[in-house]
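Before I ask anything, here is the structure I am working with.
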Amino acid sequence: MNKDIMLAKGHIKKNKGTSVGLFILLFIGTLLIGVSMLIIMDTYPIARKEAVRLNSGDGHIRLSDDLSGIDDKKIEELIKDDTKDYEIKHCLQYTTSSVPFGNGEMSINLLVDDSSVFDQKMSVTETVDVDDSIKSNYIYLPYQFYTSGGVKRGEDYTFKLKEKKYTFKVKGFLNTTYFGCNNNGSFLFVLDDESYKEIENIDKEKNDTAVIFYELKDGVKQSKFEIEFLNKVAGINPMTVVRRLSLDDTLMSKSYMALIMVLSFIVVTVVILLVILLMFINSISNYIKENMKTIGALKAIGYTYSNIRNSFLIMFILLASVGSILGVIAAYVIMPAMSTFVIAQMGIPYKVSFNMVATIVPVVGVILYALIVTCLATRRIKKIEPVVAIREGMENHNFRKNHIRLDKSYFGLNLSLSLKTMFFNKRQNIITFFVTGLIIYSCAFGLLMYENFNRKPNLELLTLETCGGVVMADSEKKDDIEKYLKDRNDTTNIRRVIDVYLYYNNEDQLLTYVFDDVSKMNNQNACYEGRLPKHDNEIAVSGSFGKDNGFKIGDELKLDYGNKSYKYLITGFIQTTN
């Protein structure tokens with residue numbers, strides 16, 4: 001064994017440049033594997049982990065606009081048979097007011113007072129990065145305002161509610177499951193008690209909202225519970241607006257963009273890893289080829305094949321061990337920066353935690369890979385005689401076909417010599433071909449992502465309809481508002497859209513958009529199969545819904561709304577990431 005170690009030391013000293021190059025390849029490979037596994041196993045699941053830790057139950061329901069006949073006692077009566085735990089909170093809801101967010105604005109939804117929000121037992125709301133020196137006229141903002149909204153603790157934050165301007169000091173940020181991400185369509189803002197009461201005295205009559213957090217009993221289906229609850233509320237007060245969001249839908253909304261970015265990063269990582277692995281194979285093969293004379297001399301003085309093979313194994317496994325360990329350490333070091341593009345969209349506080357699988361797998365995988373490649377590359381040493389090795393592998397005649405004979409070649413001398421070299425080094429050329437192709441692929445992939453997600457984002461992929469803005473109106477004013485918009489010189493393609501939930505078999509709910517004229521839609525590409533509806537008895541449905549329920553284009557679909565049913569002909573399937 002001492003001979004093997006001495007030989008390994010000799011290899012490293014004699015070929016320091018190659019050893020450093022292999023070490024860097026192994027280090028980068030382990031770093032990329034480690035970062036990818038940490039993002040998938042530690043960063044991405046943080047939304048669900050936090051939801052469980054904050055006791056978020058199975059979902060929440062909001063009742064607003066008109067709560068006549070629906071007090072807390074009536075709510076308890078409606079939900080107690082299907083839930084094993086629930087909690088009811090009251091707050092103020094604003095669906096048409098916007099607040100500053102980054103370089104734009106976000107809709108504000110819920111305002112809650114300081115003294116009531118932090119004593120919740122379900123869907124617990126926590127504070128992050130709090131400045132306790134701020135005692136009055138303060139506001140807590142969702143954590144996403146810090147991660148991607150550009151807001152800092154201690155700054156003044158100003159917004160309008162019904163044309164009245166309010167300015168508060170940012171005391172800290174909120175970690176909350178249901179109201180902390182813009183993709184959920186709702187934000188939670190917490191004010192000091194005095195400021196909240198001032199606004200409540202003005203707006204409570206129209207903006208009072210009951211929020212119900214619940215956990216369902218075993219066997220109760222989520223969609224059926226929501227649909228039955230909505231129908232019960234409609235039977236008591238049809239003017240009450242019911243909004244609901246399950247925990248699964250909340251987590252999907254929080255993390256779907258993060259998942260797209262994570263998968264894109266992993267695709268690029270896999271391509272780069274393939275390049276590194278091919279380069280590693282080529283480097284070891286070339287290393288052994290370049291040291292052929294040394295191998296022949298060693299065999300001539302009595303070293304066995306096992307001694308020489310073991311020396312290479314010790315050398316490359318040592319490089320792999322050190323490179324992989326340092327690569328994993330580096331992965332943990334850069335993870336806070338790498339995770340920001342995932343966490344920024346989720347709006348969840350995150351700290352890198354130790355993950356045993358993500359730590360061990362890269363190290364063991366890289367070492368095993370180095371071991372296998374080295375064993376395969378050193379097999380040929382066993383068959384090489386010392387004299388042949390000293391002559392750098394050249395024999396008197398190897399009986400290989402001479403593809404390009406210089407005396408009979410139709411090409412020029414330079415081209416003929418190039419072709420002879422190409423055929424002689426076929427394996428190396430094949431590896432170079434794939435490495436070059438993969439590098440070009442990864443570069444093109446990265447540039448396309450930059451072009452489509454950064455410079456010119458394809459918004460049609462994200463939403464059913466793209467537009468410059470949306471104006472929400474009630475039934476009494478909709479005609480006047482539509483006429484006003486059409487009369488303006490700076491607005492075009494005004495179209496009326498109603499969104500409503502329709503139900504299928506009292507088990508599934510479909511968020512349905514009713515257009516006055518579907519041909520005016522900007523995003524005609526939303527329908528990927530068939531066509532968009534033209535007549536009032538036609539409908540285009542989600543491809544996922546159609547697949548789950550066995551529907552095809554041309555089938556008849558029965559949907560319910562309240563106590564009425566309607567039948568539609570399916571004309572096409574639509575799909576967006578949102």
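Heavy-atom basis, side chains included; hydrogens, waters and symmetry copies ignored. The first residue of the sequence shown is numbered 1, and numbering continues consecutively from there.
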Handout entry: Side chains of Leu532 and Ile574 in contact at under 4.5 Å (non-hydrogen atoms)
Key =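 Of all side-chain heavy-atom pairs linking Ile574 with Leu532, at least one is under 4.5 Å.
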Handout entry: Side chain to side chain, Met346 and Tyr44, heavy atoms closer than 4.5 Å
Key =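 Side chain of Met346 against side chain of Tyr44, heavy atoms only: contact under 4.5 Å found.
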Exercise for the section: May I ask you to decide if the ring planes of Tyr166 and Phe168 are parallel, tilted or perpendicular, using 30° and 60° as cut-offs? Expected result: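 Because their plane-to-plane angle is under 30°, the rings of Tyr166 and Phe168 count as parallel.
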Handout entry: Aromatic plane relationship, Tyr214 with Phe225 - under 30° parallel, 30 to 60° tilted, over 60° perpendicular
Key =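 Correct class here is tilted.
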Handout entry: N-O pairing of Arg53 and Glu126 below 4.0 Å
Key =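 Yes, this pair counts.
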Practice task
Output yes when Glu87 and Lys121 qualify as a salt bridge under the 4.0 Å nitrogen-oxygen rule, no when they do not.
Solution key: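 Answer for the salt bridge query: no.
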Handout entry: Phe179, Phe159, Phe145 screened by ring-ring contact (aromatic ring centres under 6.0 Å, His included) with Phe187, the one that passes
Key =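 The option that passes is Phe145.
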Exercise for the section: May I ask you to check whether Thr30 and Ser324 show a side-chain donor-acceptor distance below 3.5 Å? Expected result: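 No - no donor-acceptor pair under 3.5 Å links their side chains.
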Problem - Ring geometry between Tyr178 and His60 (parallel below 30°, tilted from 30 to 60°, perpendicular above 60°) - result: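 The arrangement is tilted - the two ring planes meet at 30° to 60°.
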Exercise for the section: Classify the ring geometry between Tyr143 and Tyr146 as parallel (under 30°), tilted (30 to 60°) or perpendicular (over 60°). Expected result: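 Tyr143 vs Tyr146 ring planes: tilted.
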Exercise for the section: Measure the spacing between CG of Asp218 and CD of Glu215 and express it to the nearest 0.5 Å. Expected result: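 Asp218 CG to Glu215 CD: 8.5 Å, rounded to 0.5 Å.
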Handout entry: Step-by-step ring-ring contact (aromatic ring centres under 6.0 Å, His included) determination, Tyr504 to Phe545
Key = CA-CA 10 Å; Tyr504 174 70; Phe545 169 80; 5.4 Å; yes
